[in-house]
Amino acid sequence: MREGILFIVSGPSGSGKTTLTKHLIRRFSDLKFAVSCTTRRQRPGEVDGVDYRFVSEKEFEDMIHGNRFAEWAIVHGKRYGTPIEELERAKSSGVDLILDLDVQGARSIRNKYGLGVYIFVVPSSFDVLKERLIKRQSDEKFEIIKRLGDAKREMEEIKLYDYIIINDSLDEALENLAAVVLAERCKKDRVLELIKSNY
Ligand code: ADP
Ligand code: 5GP
């Protein structure tokens with residue numbers, strides 16, 4: 001059994017990370033989504049423990065002090081963190097894991113663990129991003145303005161990523177993302193580890 005691969009997906013708010021990730025885990029039964037903790041409010045349709053674990057500021061603080069996070073960051077004014085046990089699950093079970101992290105979280109995981117496949121999702125223009133955030137109707141106007149402002153800063157980190165998925169056509173973006181997963185699974189070191197004892 002090889003160690004699970006960590007696929008880290010970042011991109012500005014509204015770029016399509018959640019949509020693509022959901023489609024991807026439906027396609028690959030052996031790819032799991034790492035559930036983060038957050039202090040932001042639950043949106044209609046989101047399920048606690050599936051999309052996020054929605055926690056209070058106090059619970060989040062307690063988790064920080066208990067060293068329960070592999071990384072955590074303040075994003076668009078709220079706290080988000082990856083519980084260590086989510087990563088350990090992938091490591092010990094050989095299951096590949098997909099993490100939806102902002103650029104700070106991605107940098108922390110890279111610096112701390114020195115592994116992972118880093119994927120940046122973005123539509124081809126800022127105008128499309130803006131239109132999608134407005135159409136999504138999940139954030140107040142001031143939140144949308146904040147998220148769009150943050151997008152400019154997040155774009156400055158795009159060069160640190162291994163792959164860029166342009167999300168204009170959803171089907172095309174999904175095919176490209178699936179291709180990344182398949183290609184990474186075929187990397188020689190990962191495959192040799194699986195078959196070497198047979199030869
Ligand atoms: P993120 O998780 O990156 O914030 P979402 O997955 O919530 O982004 O997508 C933002 C909005 O754009 C959602 O309403 C989603 O349905 C829509 N969306 C995502 N990808 C596409 C696409 N390729 N074409 C049109 N709409 C899209
Ligand atoms: P949203 O509120 O739109 O679901 O997510 C806002 C941002 O938080 C996105 O950029 C998403 O990638 C990021 N995010 C979600 N979970 C985590 C996490 O555990 N850690 C970090 N650093 N960012 C996260």
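Note that ligands are numbered from 1 as they come in the structure, with each ligand's atoms numbered from 1 the same way.
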Short version for Q104: what comes under 4.0 Å of ligand 2, heavy atoms counted, is neither

Here the atoms of ligand 2 under 4.0 Å from any heavy atom belonging to D100 are 11 (C), 12 (O), 14 (N), 15 (C), 16 (N), 17 (C), 24 (C)

A student checking ligand 2 against R40 at a 4.0 Å heavy-atom cut-off should list atoms 1 (P), 2 (O), 4 (O)

Contact check: S169 vs ligand 1, nitrogen or oxygen atoms, below 3.5 angstrom: no

One finds that the ligand 1 atoms under 4.0 Å from a non-hydrogen atom of D168 are 22 (C), 23 (N), 24 (N)

Q: Examine D100 against ligand 1 and note whether any of their N/O atoms are separated by less than 3.5 Å.
A: no

Going by the 4.0 angstrom heavy-atom rule, the piece of W72 near ligand 2 is neither

Out of S15, G11, G14, P12, the nearest non-hydrogen contact to atom 10 (C) of ligand 1 is supplied by G14

The closest protein heavy-atom partner of atom 25 (C) of ligand 1 is R132 NE, 3.5 Å

For A73, the atoms of ligand 2 under 4.0 Å from one of its heavy atoms are 22 (N)

Looking at ligand 2, would G81 count as a contact under a 4.0 Å heavy-atom criterion?
yes

Answer yes or no for R43: is there a heavy-atom contact with ligand 2 below 4.0 Å?
yes

When you measure from the heavy atoms of F69 to every atom of ligand 2, does any distance fall below 4.0 Å?
no

For G105, the atoms of ligand 2 under 4.0 Å from one of its heavy atoms are 22 (N)

Return a yes/no value for L20: is any of its N or O atoms, backbone included, closer than 3.5 angstrom to an N or O of ligand 1? no

